[in-house]
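The next block holds one structure in the form of C-alpha cells; read it before the comments.
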Amino acid sequence: MGALRRSHAAASITVASVGEEVVLAGWVQRRRDHGGVIFVDLRDRGGLVQIVFKPDTSPECHERASGLRAEYVILVRGRVQRRSDETVNPKLPTGEVEVLVDEVRVLNRATPPPFAIEDDPDVDESVRMRHRVHDLRRAPLQKALRLRHRLFQAVRASLSDQGFLEIETPMLTRSTPEGARDFLVPSRLQPGSFYALPQSPQIMKQLLMVAGFDRYFQIARCFRDEDQRADRQLEFTQVDLEMAFVGVEEVLACLEELTVRACAESAGIEFPRPFPRISYAEAMARFGSDRPDTRIQLELVDLTDAFERSDFRAFRGVVDSGGIVKCLPIHDAEALSRGQIDRLEAMVKKELGGKGLAWIRVDGNGDWQSPIAKFLSEAERGAIAKRCEARPGSLLFFQADDATRANAILSRLRVDLGRRLGRVDGRDHELLFVVDFPLFEAAEGGELTYVHQPFVAPHEEDLALLDSDPARVRGTHYDVVMDGVELGSGSLRNHRADVQRRIFDVMGYGRKQTEERFGFLLNALESGAPPHGGFAFGLDRWVMVLAGAESLREVIAFPKTQRGQDLLLEAPSEAEDLQLEELSLRVRRPAQ
RNA sequence: GGGACGGUAGUUCAACUGGUUAGAGCACUGGCCUGUCACGCCAGAAGUUGCGGGUUCGAGUCCCGUCCGUCCCGCCA
C-alpha cells in the first residue's frame with residue numbers, strides 16, 4: 001500500500017467535496033474503457049463512485065487503468081470534480097461527481113468473479129453459497145449484516161439500560177432428551193461420553209435466577225439438529241433473557257420496551273404501544289394460526305356445528321370423528337379463475353396433505369357455482385351464506401379435517417391469497433403478543449405432553465386443574481409475533497419444585513426418570529428459587545423480517561444449505577483416523 | 001422419512017418425435033474506440049450435458065439408481 005491511506009468512503013463523495021483531493025480504496029465494480037478516457041466504478045463497503053482516468057492527465061495511470069479488471073483491489077488518489085450536466089448519473093447517489101485520478105495502485109488482482117456483484121444477480125443459490133465471499137460483497141447482504149449489527153447493539157443497549165446483566169453460558173453442555181435432536185460432541189477425556197451443544201440456554205438461565213442474578217440476558221448461539229426450512233437453520237442466534245420477581249405483565253412490558261427501541265434504532269420502524277394482545281384460542285379461531293399476520297384482512301369462519309347432523313358425508317364424517325369444518329370467505333374474488341382454484345386444490349392435496357379443497361363461488365346472479373353445493377341442505381346453505389356473509393362475487397374455501405390440519409391449510413391459503421389479492425391494511429409492520437396458550441396437548445399415544453417446554457408455569461388460578469383436568473390448564477406462555485413470523489416466545493417458569501414435579505407426572509415421566517434427568521434443576525428450585533420468567537427472540541428471524549428477506553440465508557453471513565452443508569468450507573467433513581482414535585470413536589460407513 | 005421443482009460453457013438459458021461437429025446472451029481473452037455509467041464495435045477461446053448403469057445402430061433427450069440445490073409435509077418452537 002505504501003504510505004497512501006484511504007481518506008474517504010466512496011459514498012461520502014458529494015458535491016460538497018468538489019475540488020478536494022481524496023484517497024479511495026476498494027474494488028473495481030466495472031471498467032468502461034473508451035480507448036481514451038477510462039471510467040471505473042469503485043466500490044467499497046458503503047457505496048460506489050465513478051473514478052476517471054485520462055491519458056492527458058496521467059498517462060501512467062491511464063496505462064495502468066486499462067489493465068484493471070472486475071474485483072481488482074485498488075487504491076487511488078485524485079481530485080473530486082463535478083460532472084458536466086449531460087454526464088450526471090441520476091441512478092447513483094454519487095452521480096453528480098467523479099474523481100479524476102492521478103495516482104493508482106493495484107493492491108491485488110482478482111480472478112474473474114463467478115457472477116456479477118450486483119443487487120439482484122441471476123444465479124443459482126448454490127453458486128452464491130459456494131462463492132459466498134463474492135455474494136457477501138453484494139449490497140443487499142452488506143445492508144442486511146449492517147442491520148443485524150445495529151439490532152444487536154440496540155438489543156444490548158436496551159437490556160443493559162433495563163438492568164440486565166450479560167452472562168455467558170456453556171456451549172459444551174449436557175444432552176436432555178426433550179425437544180429437538182441434539183448435536184453431540186465426543187469427549188476425549190471421558191471416552192464414550194458426549195457433550196451436547198445447547199438447544200437454548202433455558203435451564204442455565206433459570207439456574208442464574210436461582211443464583212440471584214435477577215435480570216440476565218445473552219446473545220446466544222443455539223443448535224438443533226432438525227431438518228431445515230427457509231426460516232430454520234441448524235445453528236441460530238437467540239436473544240435470551242430472564243428476570244426474577246416478576247409476573248407476566250412485567251415481562252411483556254420489558255419486551256415492548258426492548259422491541260420498540262430495537263426496531264426503531266436498527267430499522268427506523270416505530271410501533272404504537274401497548275402491543276395488541278390476542279389469545280391463542282382467538283388466533284386459531286380467526287386466523288387458523290398461532291402467529292397470525294392480522295394485517296391481512298381475511299378471517300376464517302367456523303361451521304362445524306352446522307354440519308353436526310348433515311347428510312353431506314364428507315363433512316359429517318369429519319365432524320363425527322372430532323374434526324372441524326371451517327371456511328375462508330373471500331369477497332370480490334372474481335380475479336381468481338377456475339384454473340387458479342384448481343391449482344390451489346392441487347397444492348392443498350400435494351403439499352399440505354389436505355383431502356381436497358371444497359369451494360363455492362357466488363356468481364353475479366347470486367347463484368352458487370360449486371362442486372359441493374348440490375350436497376348441501378337448505379339449512380346448511382343458509383348457515384354458510386349468513387356466517388360467511390356471502391354475496392355475489394364471494395368465493396368460499398372449505399376445509400373439513402382435524403383441527404390442526406384444517407387450520408394449517410386455511411391459514412396458508414389466507415396468507416397466500418391475502419397477499420396475492422392485496423387484502424392488506426396499510427401498515428408496513430405489525431407487532432403483537434399471543435397469550436394464554438394451553439399448557440398441555442395430546443400426544444400421539446393420547447398422553448399429554450407440553451406444548452412448548454416442560455418448565456412453563458401454569459396460570460395461578462388453573463393450578464387446581466392440574467389434578468382434575470390437566471388438559472384445560474392454561475400456561476403463562478406468550479409469543480411475540482411480527483408480520484406473521486414468530487419472533488420468539490417465553491413464559492413464567494415453575495419456581496416451585498412441587499408444581500414442576502406434578503407437571504412431569506402429568507406427562508407420564510416416572511419419578512426415577514425425572515430425578516435422573518432433572519434432579520439438578522429440582523434441587524436448585526428447592527434451594528430457594530425466586531419466581532421468574534423470561535423470553536427468547538430468534539434474532540436471525542427478527543433481522544429477516546426487518547430486512548424483508550425471504551430466507552434466513554439472506555441475513556446470516558455463512559449459512560448452511562437445507563442438507564446442513566456449508567458449501568464454502570465443505571463442512572461437515574470426514575474426520576482423520578487419528579482424531580477418531582483420540583475420541584475413542586469408530587465410524588460405521590453405510591454399506592456400498 | 002415423504003412430496004414438488006430444478007441440475008447442459010464461469011454464469012443464465014436453448015437444443016422438436018432419440019439423429020451431423022451441443023447453440024445463444026452475459027462474463028472471459030485479443031483488437032479498435034476520449035464522456036461512459038448494463039458503454040459500443042470486431043474477432044476468439046470456452047462443455048466429463050451432476051454422477052453411475054441400462055435400452056438403442058445412435059442418448060443432453062428414454063428407463064433405473066444415485067448425488068446436489070430450493071420450497072413444502074413430517075420433524076422442530
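Sequence lines set the chain letters: A, B, ... in the order given, protein chains first and strands last, and positions in each chain run from 1. Because the structure is a prediction, the values reported are computed rather than measured.
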Which whole-number value in Å describes the distance from [X] [atom1] to [N] [atom2]?
| X | N | atom1 | atom2 | result |
| --- | --- | --- | --- | --- |
| A:Glu118 | B:U11 | CD | P | 15 Å |
| A:Phe39 | B:C33 | CZ | P | 16 Å |
| A:Asp85 | B:G35 | CG | P | 17 Å |
| A:Arg232 | B:C71 | CZ | P | 11 Å |
| A:Asp119 | B:C37 | CG | P | 19 Å |
| A:Arg31 | B:C32 | CZ | C1' | 13 Å |
| A:Arg229 | B:C75 | CZ | P | 10 Å |
| A:Lys54 | B:C33 | NZ | P | 18 Å |

One thing to verify: whether A:Arg138 and A:Asp120 come together as a salt bridge, which I'm taking to mean a side-chain N less than 4.0 angstrom from a carboxylate O.
no
A:Arg232 and A:Asp227 ion-paired at < 4.0 Å
no
Just checking, any donor-acceptor pair under 3.5 angstrom between side chains of A:Glu98 and A:Gln81?
yes
Can A:Thr169 and A:Gln218 be counted as having a side-chain donor-acceptor contact under 3.5 angstrom?
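There is such a pair (donor and acceptor under 3.5 Å, judged by atom type) between the side chains of A:Thr169 and A:Gln218.
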What nucleic acid atoms does [X] come within less than 4.0 Å of, heavy atoms only: base, sugar-phosphate, or nothing?
| X | answer |
| --- | --- |
| A:Asp56 | base |
| A:Pro121 | nothing |
| A:Asp33 | base |
| A:Asn89 | base |
| A:Asp227 | base |
| A:Gln202 | nothing |

[X] side chain near [N] phosphate (N/O to OP1/OP2, under 4.0 Å):
| X | N | value |
| --- | --- | --- |
| A:Thr561 | B:G69 | yes |
| A:Gln565 | B:G69 | yes |
| A:Arg32 | B:C39 | yes |
| A:Lys349 | B:G3 | no |
| A:Arg83 | B:C37 | no |

Suppose you measure atom [atom1] in [N] against the same atom in [M]; what distance do you get, rounded to whole Å?
| N | M | atom1 | result |
| --- | --- | --- | --- |
| B:C73 | B:A14 | C1' | 35 Å |
| B:U21 | B:G35 | C1' | 44 Å |
| B:U11 | B:G1 | C1' | 35 Å |
| B:G19 | B:C75 | P | 47 Å |
| B:G54 | B:C28 | P | 42 Å |
| B:A4 | B:A9 | C1' | 29 Å |

I'd like to check A:Arg291 versus A:Val485 (side-chain heavy atoms, cut-off strictly below 4.5 Å). Are they in contact?
no
Would you check if A:His34 stacks with the base of B:C33, given a 5.5 Å centroid limit and a 30° plane limit, both strict?
no
Tell me which of A:Glu86 and A:Arg130 sits closer to the 5' end of RNA chain B, going by the nucleotide each one is nearest to.
A:Arg130
Using ring centroids (six-membered ring only for Trp), state whether A:Phe433 and A:Phe275 fall under 6.0 Å.
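Yes, the ring centres sit under 6.0 Å apart.
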